[in-house]
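Note sheet for the following structure.
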Amino acid sequence: MIRYLTAGESHGECLVGILEGLPAGLAISEDDIALDLKRRQHGYGRGERMTIESDRARILAGVRYGLTIGSPIALLIENKDWPNWRERMRVDDPGADMRATPLTTPRPGHADYAGAVKYRHRDLRNVIERSSARETAMRVALAAVCRKFFCEFGIAVVSHVTQIGAAKAPVRSAELAPETIRDLSDASPVRALDPNAAREMMGAIDEAKTRGDTLGGAFEVIASGVPAGLGSYVQPDRRLDAVIAQAMLSIPAVKAVGVGIGWDAAGLFGSGVHDEMFPAESDGVRRVTNRAGGIEGGVSQGERIVIRAVMKPLATLSRPLKTVDLATGSAAEALRERSDTCAVPAAAVVGEAMLLLALMNPFLERFGGDSMSEIRSRFDRRVESPWA
Ligand SMILES: Cc1cc2nc3c(=O)[nH]c(=O)nc-3n(C[C@H](O)[C@H](O)[C@H](O)COP(=O)(O)O)c2cc1C
């Protein structure tokens with residue numbers, strides 16, 4: 001089983017992450033991780049920080065001569081603008097006169113207020129530094145290692161953006177090979193598969209920016225090549241859809257998750273929702289639709305896993321929302337932290353990371369071992385039909 005933890009503040013010296021439970025013998029390099037970090041940083045509507053950052057993860061432990069050795073993998077990503085924050089984020093106390101002016105005007109829609117109440121902070125900087133989505137860079141780095149692992153078993157995870165504000169793309173991912181989805185969305189500034197929809201989405205972002213406002217949207221994450229039998233219906237916490245939903249909802253600003261056609265199922269007849277089965281040429285069954293998104297009864301059934309997620313508009317507006325100054329109790333404008341106009345394309349890449357991480361334990365539960373060769377032999381001997 002894998003476990004992972006991340007640490008680090010948004011403007012602190014670095015982010016660190018530990019991923020434990022990966023087998024020995026997986027080939028991995030810093031360049032493999034850099035690819036995914038770069039994909040997270042792209043996207044129309046993102047602010048200037050993305051140009052400062054150009055994230056790169058260093059592998060500090062768990063890998064020798066290019067292969068995992070079974071011990072915990074430790075990664076480090078330096079924050080490139082740390083020198084500008086060194087004084088405001090110092091670990092030692094320089095004394096009351098030298099501390100930065102406390103932030104006291106919480107932004108509605110952020111953890112600012114709830115975090116201050118919970119941890120009794122009088123300086124909101126102590127909340128916003130860790131609640132910031134900057135932390136998702138480390139999730140993407142850790143998940144890049146999982147992507148390498150799944151590659152060995154023919155499992156690929158890709159994403160694309162389906163909506164930004166009112167601009168929607170026709171969802172036609174089911175017709176496309178995973179590599180095509182990846183190439184098209186990586187080439188699009190908004191990760192949309194359809195160029196006309198992409199233009200509309202960029203127009204919507206421009207308009208929001210002009211108004212000093214922000215936009216959210218929706219994206220789809222797809223895992224192909226996932227074998228039948230991951231997850232289980234026997235306990236609530238083993239249901240694969242529940243495990244994936246938890247992972248997706250852990251992405252900051254993601255407020256709704258759908259499996260397959262998700263919330264579209266609410267208005268349809270059962271005959272228009274369930275995926276009928278037909279005799280397959282060899283073992284098992286064949287389907288012509290995948291509205292279930294590859295999961296039935298909490299168990300993967302062999303079709304692509306399709307997850308949809310909704311991201312709310314970002315809560316830091318350049319035309320700030322009304323709030324209360326917690327120090328004085330008077331009406332105020334929410335604090336202005338450097339912010340993006342729209343981060344849906346980046347969130348889709350984080351969505352890939354969370355699906356990769358969420359699939360690890362159900363996969364290891366079924367095929368796990370301590371080395372890649374052990375897992376491969378289990379995987380290759382898998383039998384999908386009880387009659388085989
Ligand atoms: C990749 C990514 C980038 C984000 N960038 C910003 C941002 O620039 N400004 C902002 O206000 N929120 C941003 N967010 C969303 C906030 O982190 C999130 O809304 C906030 O932490 C409150 O959490 P909640 O929306 O889940 O309640 C981003 C989220 C993601 C996934």
Side-chain angles (χ1 to χ4, degrees), residues 6 8-11 15 36-53 55 77 79 81 103 105-119 121 124-144 159 161 164 185 189-191 205 208-209 212-221 245-257 307-321 323 333-357:
T6 74
E9 276 71 45
S10 175
H11 299 98
L15 299 173
D36 273 345
L37 286 175
K38 201 165 176 201
R39 293 171 66 240
R40 175 188 166 279
Q41 290 192 283
H42 271 233
Y44 197 75
R46 304 216 65 196
E48 85 194 80
R49 183 161 193 187
M50 296 310 120
T51 50
I52 306 171
E53 275 173 4
D55 286 328
I77 301 173
N79 284 330
D81 57 346
L103 304 177
T105 49
R107 295 161 301 170
H110 271 282
D112 306 3
Y113 177 74
V117 171
K118 178 175 170 63
Y119 293 100
H121 287 313
L124 301 179
R125 171 72 51 209
N126 291 337
V127 178
I128 71 181
E129 282 292 323
R130 181 63 188 163
S131 62
S132 153
R134 171 77 187 135
E135 176 262 338
T136 60
M138 183 48 78
R139 301 195 207 179
V140 168
L142 295 174
S159 68
V161 169
I164 288 181
S185 63
V190 281
R191 300 194 66 73
I205 294 171
K209 193 169 183 180
D213 217 320
T214 57
L215 277 181
F219 59 86
E220 201 174 70
V221 189
Q246 193 279 337
M248 290 293 154
L249 284 169
S250 79
I251 302 171
V254 166
K255 293 297 142 196
V257 176
I307 306 297
R308 294 179 178 176
V310 170
M311 184 185 204
K312 75 183 187 185
L314 304 179
T316 315
L317 276 64
S318 62
R319 232 177 45 200
L321 298 172
T323 190
E333 285 190 343
L335 64 92
R336 270 178 250 209
E337 189 76 353
R338 186 175 52 193
S339 182
D340 303 335
T341 305
C342 175
V344 179
V349 176
V350 180
E352 289 180 29
M354 293 318 298
L355 185 54
L356 285 159
L357 287 162

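Just so it is clear, the structure is predicted and the values come from calculations on it, not from any experiment. Just follow the structure's listing: the first ligand is 1, and inside any ligand the first atom is 1. Side chains included, hydrogens not; waters and symmetry mates left out as well; all remaining heavy atoms used.
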Identify, for [atom], the protein heavy atom at the shortest distance, and state residue, atom and that distance.
atom                    : value
atom 22 (C) of ligand 1 : Gly109 O, 3.4 Å
atom 9 (N) of ligand 1  : Ser339 OG, 2.8 Å
atom 31 (C) of ligand 1 : Pro252 O, 3.5 Å
atom 1 (C) of ligand 1  : Ala346 CB, 3.8 Å
atom 20 (C) of ligand 1 : His110 ND1, 3.5 Å

>> Tell me the nearest of Val254, Val140, Leu314 to atom 12 (N) of ligand 1, using heavy-atom distances.
In response: Leu314
>> Given Thr316, Asp112, Ile128, Val127, identify the one with the heavy atom nearest to atom 11 (O) of ligand 1.
In response: Thr316
Relative to the heavy atoms of [X], which atoms of ligand 1 are at a distance of less than 4.0 Å?
X      : value
Ser131 : 21 (O)
Ile251 : 31 (C)
Ala133 : 2 (C), 3 (C), 4 (C), 17 (O), 28 (C), 29 (C), 30 (C)
Ala253 : 15 (C), 18 (C), 19 (O), 24 (P), 25 (O), 26 (O)
Asp340 : 5 (N), 7 (C), 8 (O)

> Quick one: do Arg125 and Glu337 make a salt bridge, cutoff under 4.0 Å?
Replying inline: yes
>> Return the CG to CD1 distance between Leu37 and Ile77, rounded to the nearest 0.5 Å.
In response: 4.5 Å
> Strictly by modelled atom types, are His110 and Ser131 linked by a side-chain donor-acceptor pair under 3.5 Å?
Replying inline: no
> Does Lys255 come within less than 4.0 Å of ligand 1, judged by its heavy atoms?
Replying inline: yes
>> Just to check, does Met311 reach to within less than 4.0 Å of ligand 1 when the distance is taken from its heavy atoms?
In response: yes
Taking the side chain as everything from C-beta on, heavy atoms only, tell me whether [X] gets closer than 4.5 Å to [Y].
X      : Y      : value
Arg107 : Leu335 : yes
Val350 : Val140 : yes
Val127 : Lys118 : no

>> Around atom NZ of Lys312, are there more than 12 heavy atoms from other residues, nucleotides or ligands closer than 6.0 Å?
In response: yes
>> When you compare ligand 1 with Arg40, is there at least one nitrogen or oxygen pair between them that comes in under 3.5 angstrom?
In response: no
Tell me whether [X] contacts the main-chain N or O of [Y] through its side chain, where contact means a donor paired with an acceptor under 3.5 Å.
X      : Y      : value
Glu352 : Ser159 : yes
Asn79  : Glu9   : yes
Glu135 : Arg130 : no

>> Taking 4.0 Å as the limit for heavy-atom contacts, which would you say applies to Arg107 with ligand 1: side chain only, backbone only, both, or neither?
In response: neither
